[in-house]
Amino acid sequence: QVQLVESGGGLVQAGGSLRLSCAASGRAFSSNTMGWFRQAPGKEREFVAAITWTTGRTSYADSVKGRFTISRDNAKNTVYLQMNSLKPEDTASYYCARRDGSYFYPSDQWREYDYWGQGTQVTVSS
């Protein structure tokens with residue numbers, strides 16, 4: 001059993017910053033990918049960023065490149081999403097996800113992820 005718990009969401013003004021955290025527990029970590037996705041009301045779930053756990057290779061959605069940074073702390077089994085220069089269109093529920101297995105490139109397809117957190121709300125006011 002794998003548990004993913006997100007934290008760090010909140011209300012921020014446009015141009016501000018937030019850092020999301022995702023703490024993982026349960027089945028031992030080996031080769032996997034950790035991803036962040038988001039979903040706004042009435043919209044489909046969309047990819048934000050992902051990182052391979054062992055190599056640290058990252059991928060980002062075009063809409064967040066240059067503003068968001070994903071990172072991980074192997075010792076703490078935690079993945080982070082640093083979000084800078086936030087925009088109102090970044091408002092959504094943000095979900096952490098894990099994909100088991102060894103892959104060269106971190107996937108941006110939410111259906112390929114095996115475990116999901118409950119989500120944390122990010123609201124950016126204009």
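Predicted model, so just to flag it, every value in this text is computed and none were measured.
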side-chain hydrogen bond (donor to acceptor under 3.5 Å, both in side chains) filter on T52, not counting sequence neighbours, yields T55

| R99 charged N/C atom sitting above Y103 aromatic ring, 6.0 Å / 45° | yes

4.5 Å side-chain heavy-atom contact, L20 and M83 = yes

request  = Return yes if a side-chain donor-acceptor contact under 3.5 Å exists between E112 and S107, otherwise no.
outcome  = yes

Handout entry: Within-4.5 Å side-chain heavy-atom neighbours: F68 and D90
Key = yes

With a 3.5 Å cut-off and no angle check, do the side chains of Y94 and R38 form a donor-acceptor pair?
yes

Taking atom CD as the centre, does Q3 end up with more than 12 heavy-atom neighbours from other residues, nucleotides or ligands that are less than 6.0 angstrom away? no

One should read off an interatomic distance between S93 OG and Q118 CD, to the nearest 0.5 angstrom, of 11.0 Å

For G56 and R72, the nearest pair of non-hydrogen atoms, with its separation, is N-NH2, 3.6 Å

Measure the shortest side-chain to side-chain distance between I70 and Y60 over non-hydrogen atoms and say whether it is less than 4.5 angstrom. yes

Note to self: Do S17 and N84 pair up side chain to side chain, a donor and an acceptor below 3.5 Å, judged on atom types alone?
What the structure shows: yes

Quick one: does T69's side chain get under 4.5 Å of L81's, heavy atoms only?
no

Only residue of V64, T123, V12, T91 satisfying side-chain contact (heavy atoms from CB on, under 4.5 Å) with L86 is V12

Here the pair of heavy atoms bringing A40 nearest to A92 is N-CB, 3.9 Å

Exercise: do Q13 and S125 side chains pair donor with acceptor under 3.5 Å: no

dist Y95:OH -> E46:CD (nearest 0.5 Å) comes out at 12.5 Å

Is the F37-W116 ring centre distance short of 6.0 angstrom?
-> yes

Note to self: Quick one, W36 with C22, criterion side chain to side chain contact (heavy atoms under 4.5 Å, CB included). Give me CA distance, side-chain angles, the key distance, then yes/no.
What the structure shows: CA-CA 9 Å; W36 287 98; C22 173; 3.7 Å; yes

When every non-hydrogen atom of Y113 is compared with those of Q109, the smallest separation belongs to CD1-O, 3.3 Å

| request: Please test T54 against S102 for side chain to side chain contact (heavy atoms under 4.5 Å, CB included), starting from the C-alpha separation and ending with a verdict. | output: CA-CA 9 Å; T54 52; S102 179; 5.7 Å; no

Rounded to the nearest 0.5 Å, the CD1 atom of I51 sits from the OG atom of S59 at a distance of 9.5 Å

Notebook entry, point to check: Is a side-chain donor or acceptor of N32 paired with a backbone partner of R98 at a separation under 3.5 angstrom?
Noted result: no

Would a 4.5 Å heavy-atom cut-off, applied to side chains only, mark W53 and T33 as touching? no

Would R57 pass as a cation-pi partner of F104, given that its NZ or CZ must be under 6.0 Å from the six-membered ring centre and within 45 degrees of the axis?
yes

- Query: For the hydrophobic clusters of this structure (ILVMFWY residues joined by side-chain heavy atoms under 4.5 Å, transitively), does one cluster hold both V48 and V122?
  - Reply: yes

Below 4.5 Å, heavy atoms only, C-beta onward: do V79 and C96 meet side chain to side chain?
-> yes

For S126 and A14 the tightest heavy-atom approach is CA-CB, 4.4 Å

Heavy-atom nearest pair, S21 first then T78, reads CB-CG2, 4.3 Å

